[in-house]
Q: 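Take this structure first; my questions come after.
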Amino acid sequence: MTDSTAQRNLDNTLLLLQDAMPNGDFDLIRSLVTPDAPIRRAGFADLYALTGDAIPQGGNFVEWLETGWKVLSGVLTDQTAQARDIVASGNTVMLQFHMSALHTGTFAGAPATGKRVEWDEIGVLHFDDDGKITDLWFMCQELGLAEQLGYRTRLG
């Protein structure tokens with residue numbers, strides 16, 4: 001693998017996370033991700049399961065977009081993503097990024113607060129030789145977000 005391959009994959013990761021997903025650009029997302037790419041673990045999956053409003057935790061990424069992310073992005077609006085630590089090596093990109101959004105609809109059972117909520121996530125993405133994402137894994141700071149939504153008093 002060349003440095004240019006790693007840079008291309010890093011650029012595609014940032015395009016997905018900082019542009020396509022926060023803006024709901026599903027055509028761009030589909031151009032960056034292979035149709036059969038699995039999502040190994042979706043962000044917020046445990047929070048949703050805990051509150052009884054389950055979204056798919058894994059499966060096909062494109063299908064997850066339709067059943068999970070569209071719902072999330074509709075209630076967490078005005079999203080921004082900022083990559084903080086990112087490492088690209090060959091066909092793998094690992095990063096830590098900070099998300100911010102307005103809580104404008106019912107999210108994981110919590111009614112809209114109209115407040116800005118923030119959380120951190122870690123992602124691992126794998127790419128094919130053409131620079132398309134073939135596999136995704138995300139872990140987010142669900143407890144911190146739950147506390148911002150008022151779940152500390154509700155659950156404990």
Side-chain angles (χ1 to χ4, degrees), residues 1-51 53-105 107-108 116-149:
M1 296 286 144
T2 65
D3 286 343
S4 63
T5 298
Q7 185 63 51
R8 177 202 60 204
N9 294 339
L10 186 148
D11 292 343
N12 285 347
T13 297
L14 295 177
L15 188 58
L16 176 74
L17 295 175
Q18 293 182 320
D19 185 23
M21 289 187 70
N23 293 308
D25 189 340
F26 293 99
D27 290 334
L28 179 55
I29 292 166
R30 286 184 188 95
S31 76
L32 295 168
V33 180
T34 60
D36 59 345
I39 184 161
R40 302 290 176 189
R41 202 258 182 214
F44 304 127
D46 288 338
L47 179 59
Y48 265 79
L50 178 66
T51 59
D53 194 10
I55 60 169
Q57 288 201 33
N60 178 284
F61 181 71
V62 174
E63 291 171 6
W64 176 80
L65 287 173
E66 297 296 327
T67 58
W69 186 250
K70 272 191 177 179
V71 172
L72 296 177
S73 62
V75 300
L76 296 176
T77 59
D78 190 31
Q79 293 182 19
T80 61
Q82 178 186 21
R84 292 197 170 151
D85 294 305
I86 188 164
V87 176
S89 177
N91 281 334
T92 301
V93 174
M94 298 174 67
L95 76 156
Q96 183 268 323
F97 56 103
H98 183 78
M99 294 290 299
S100 174
L102 285 176
H103 179 211
T104 58
F107 173 70
R116 184 154 292 278
V117 293
E118 299 185 13
W119 65 95
D120 289 315
E121 291 200 42
I122 293 173
V124 179
L125 296 86
H126 297 281
F127 292 79
D128 65 16
D129 290 337
D130 296 322
K132 287 194 142 197
I133 300 165
T134 61
D135 194 280
L136 306 95
W137 181 91
F138 294 101
M139 179 65 75
C140 76
Q141 186 185 24
E142 293 172 290
L143 180 58
L145 181 59
E147 288 176 339
Q148 292 175 68
L149 299 174

Q: Supply the atom-to-atom distance Thr13 OG1 to Ile86 CD1, rounded to the nearest 0.5 angstrom.
A: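 Spacing of OG1 (Thr13) from CD1 (Ile86) equals 5.5 Å.
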Q: Distance from Asp129 atom CG to Arg8 atom CZ, nearest 0.5 Å?
A: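 The CZ atom of Arg8 is 7.5 Å from CG of Asp129, to the nearest 0.5 Å.
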Q: Ignoring hydrogens and geometry, is there a side-chain-to-backbone donor-acceptor pair from Thr104 to Leu76 under 3.5 Å?
A: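 Checked: no pair found.
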Q: Does some side-chain heavy atom of Leu16 sit less than 4.5 Å from a side-chain heavy atom of Leu125?
A: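 The answer is yes, as the side chains (C-beta and beyond) meet within the 4.5 Å cut-off.
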Q: Partners of Trp119 by ring-ring contact (aromatic ring centres under 6.0 Å, His included), sequence neighbours excluded?
A: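 Trp119: ring-ring contact (aromatic ring centres under 6.0 Å, His included) contacts with Phe44.
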Q: Is there a donor-acceptor pair closer than 3.5 Å between any side-chain N or O of Asn9 and the backbone N or O of Gly90?
A: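 Yes, because the side chain of Asn9 sits within donor-acceptor range (under 3.5 Å) of the backbone of Gly90.
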Q: Check side-chain hydrogen bond (donor to acceptor under 3.5 Å, both in side chains) between His126 and all other residues, then give those that pass, not counting sequence neighbours.
A: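 For His126 the side-chain hydrogen bond (donor to acceptor under 3.5 Å, both in side chains) partners, ignoring immediate neighbours, are Thr92.
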Q: Is the shortest heavy-atom distance from the side chain of Val117 to the side chain of Phe107 under 4.5 Å?
A: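 Answer no - side chains too far apart.
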Q: Taking all heavy atoms of Cys140 and all of Glu121, pick out the closest pair and write down the distance.
A: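 Scanning both residues, the minimum pair turns out to be CB-CG, 3.1 Å.
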Q: Are any side-chain N or O atoms of Asn60 and backbone N or O atoms of Val62, one a donor and one an acceptor, separated by less than 3.5 Å?
A: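 Yes; at least one donor-acceptor contact below 3.5 Å.
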Q: Would you check if the side chain of Asp130 reaches a backbone N or O of Lys132 as a donor-acceptor pair within less than 3.5 Å?
A: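 Pair absent, no side-chain N/O of Asp130 close to backbone of Lys132.
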Q: What's the spacing between Leu32 CG and Asp19 CG if we round to 0.5 Å?
A: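 With rounding to 0.5 Å, CG (Leu32) is 9.0 Å from CG (Asp19).
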Q: Hey, could you give me the CG/CG distance between Leu95 and Leu10, rounded to the nearest 0.5 Å?
A: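 Reported value, rounded in 0.5 Å steps: 8.0 Å.
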Q: With a 4.5 Å heavy-atom cut-off, do Phe61 and Ile29 have their side chains touching?
A: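 Result yes, sub-4.5 Å side-chain heavy-atom pair found.
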Q: Is it the case that the side chain of Glu118 and the backbone of Ser100 share a donor-acceptor pair, with hydrogens and angles ignored and the cut-off at 3.5 Å?
A: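 Such a contact is absent between Glu118 side chain and Ser100 backbone.
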Q: Nearest 0.5 Å, what's the CD-CG distance between Gln148 and Leu143?
A: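 Answer for the CD-CG pair, Gln148 versus Leu143, is 10.5 Å.
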Q: Given side chains that start at C-beta, do those of Thr134 and Asn91 come closer than 4.5 Å, heavy atoms only?
A: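 Not touching, per the 4.5 Å side-chain cut-off.
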Q: Taking all non-hydrogen atoms of both residues, which atom of Met99 and which atom of Gln79 are closest, and how far apart?
A: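 So the minimum-distance heavy-atom pair works out to CE-OE1, 3.6 Å.
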Q: Between CG of Leu17 and OG1 of Thr80, what distance do you get to the nearest 0.5 Å?
A: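 The distance works out to 12.0 Å.
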Q: Looking at every heavy atom in both Ala88 and Ala6, which two are closest together, and how far apart are they?
A: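 Heavy-atom minimum between the residues: CB-O, 3.5 Å.
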